[in-house]
Amino acid sequence: MSRLRYLTIPLDEAATEDYYNGVENHVNTIEWSISENEFEQLQESRVFEIINSHCNLMIDDFESEIIERQSMEKALECIKETYRQNPNSALEILLSYTEKALKHKTIMAFDF
């Protein structure tokens, strides 16, 4: 049985506040439901370990973690470098979502 793992990006301040308050399915939120295969690709690339080390986070299975606005550019660089060294479809999606979070000046929330 596969686990549910999500990456959530609130697109405005109201959606961010709702996320922090536990409101689900806000209209101005985009969400990636990460498949088991995609999660394995991300784990094998070690992208979470790299982001964790550079951004002082703990993105890991069975954890929830947020990349705050001030760490987003550093996280993006980690993802880009990982993708350059080990391109795969899951990293490409993660890269796209990170760029959206930067564009909207918001957070990225991992709920594993």
Side-chain angles (χ1 to χ4, degrees):
M1 185 166 116
S2 65
R3 297 216 19 248
L4 299 176
R5 296 179 182 95
Y6 297 98
L7 171 64
T8 304
I9 300 175
L11 299 176
D12 60 25
E13 288 296 322
T16 301
E17 186 175 328
D18 281 352
Y19 177 82
Y20 282 124
N21 291 324
V23 176
E24 295 181 15
N25 300 320
H26 190 281
V27 176
N28 288 331
T29 299
I30 55 175
E31 189 173 84
W32 175 24
S33 178
I34 303 169
S35 72
E36 198 68 34
N37 182 52
E38 291 166 332
F39 186 74
E40 287 174 17
Q41 287 181 42
L42 294 170
Q43 288 286 77
E44 288 172 7
S45 75
R46 300 184 59 234
V47 69
F48 297 139
E49 291 175 41
I50 296 165
I51 293 170
N52 288 343
S53 130
H54 286 84
C55 298
N56 197 28
L57 297 172
M58 182 47 112
I59 303 168
D60 196 11
D61 211 5
F62 301 102
E63 300 286 340
S64 293
E65 186 65 87
I66 294 172
I67 300 177
E68 299 289 347
R69 291 179 191 118
Q70 63 270 21
S71 297
M72 198 63 63
E73 286 188 31
K74 193 181 294 185
L76 178 63
E77 287 308 311
C78 293
I79 297 163
K80 283 181 175 179
E81 182 59 30
T82 305
Y83 183 76
R84 277 192 285 271
Q85 293 177 12
N86 181 22
N88 66 52
S89 59
L91 280 171
E92 190 171 344
I93 295 168
L94 181 60
L95 182 59
S96 168
Y97 274 74
T98 308
E99 289 169 340
K100 287 176 188 173
L102 265 171
K103 175 184 174 190
H104 290 279
K105 299 179 178 149
T106 189
I107 65 169
M108 269 192 345
F110 296 87
D111 294 299
F112 296 162

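All values below were derived from every heavy atom in this structure, side-chain atoms included, with hydrogens, water molecules and symmetry-related copies excluded.
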(request) Would you indicate whether the side-chain heavy atoms of E77 and K74 approach each other to under 4.5 Å? (result) no
(request) Give a yes or no on whether the backbone of I59 and the side-chain of N52 come within a donor-acceptor separation of less than 3.5 Å. (result) yes
(message) Taking I34 as the starting point, is it possible to reach Y83 by hopping between hydrophobic residues whose side chains are less than 4.5 Å apart?
(response) yes
(message) In the structure I gave you, are the side-chain heavy atoms of F110 and E63 within less than 4.5 Å of one another anywhere?
(response) no
(request) Could you tell me whether the side chain of P10 reaches within less than 4.5 Å of the side chain of I107, counting heavy atoms only? (result) yes
(request) Considering non-hydrogen atoms only, spot the tightest contact between W32 and A90 and give its length. (result) CH2-O, 3.5 Å
(request) Would you mind reporting whether F48 and D61 have side-chain heavy atoms less than 4.5 Å apart? (result) no
(request) Answer with yes or no whether the hydrophobic clustering places L42 together with I30; edges join I, L, V, M, F, W, Y residues whose side-chain heavy atoms lie under 4.5 Å apart. (result) yes
(message) Looking at N56, I'd like to know if its CG atom is crowded, meaning that more than 12 non-hydrogen atoms belonging to other residues, nucleotides or ligands lie closer than 6.0 Å.
(response) no
(message) Quick check on the hydrophobic clustering: are I66 and L57 connected, directly or via other members, by side-chain heavy-atom contacts under 4.5 Å?
(response) no
(message) Just verifying a value: how many Å separate E40 CD and N88 CG, rounded to the nearest 0.5 Å?
(response) 11.5 Å
(request) Please determine if K100 forms a cation-pi arrangement with Y97, meaning its NZ or CZ atom is less than 6.0 Å from the six-membered ring centre and no more than 45° off the ring axis. (result) yes
(request) State whether the number of non-hydrogen atoms from other residues, nucleotides or ligands found under 6.0 Å of E99 atom CD is greater than 12. (result) yes
(request) Count the heavy atoms belonging to other residues, nucleotides or ligands that lie under 6.0 Å from CD of E68, then report whether that count exceeds 12. (result) yes
(message) For S71 versus C55, what's the shortest heavy-atom pair and its separation?
(response) O-SG, 3.9 Å
(request) Output the distance between atom CD (Q41) and atom CG (L94), rounded to the nearest 0.5 Å. (result) 11.5 Å
(message) As an exercise, state the distance from CD1 of I50 to CD1 of I79, rounded to the nearest 0.5 Å.
(response) 10.0 Å
(request) Report yes if the side chains of T29 and I9 come closer than 4.5 Å at any heavy-atom pair, otherwise no. (result) no
(request) Taking atom types as modelled, find out whether T106 and T16 have a side-chain donor-acceptor pair closer than 3.5 angstrom. (result) yes
(message) Given R5, which partner from the list E36, E65, E38 fulfils the salt bridge (charged side-chain N to carboxylate O under 4.0 Å, His left out) test?
(response) E36
(message) Quick check on the hydrophobic clustering: are I67 and I93 connected, directly or via other members, by side-chain heavy-atom contacts under 4.5 Å?
(response) yes
(message) To the nearest 0.5 Å, what is the distance between NZ on K80 and CD on Q85?
(response) 14.5 Å
(request) Evaluate the side-chain proximity of T98 to M72: yes if any heavy-atom separation is below 4.5 Å, no if none is. (result) yes
(request) Answer yes or no: is there a side-chain heavy-atom contact under 4.5 Å between R46 and T82? (result) no
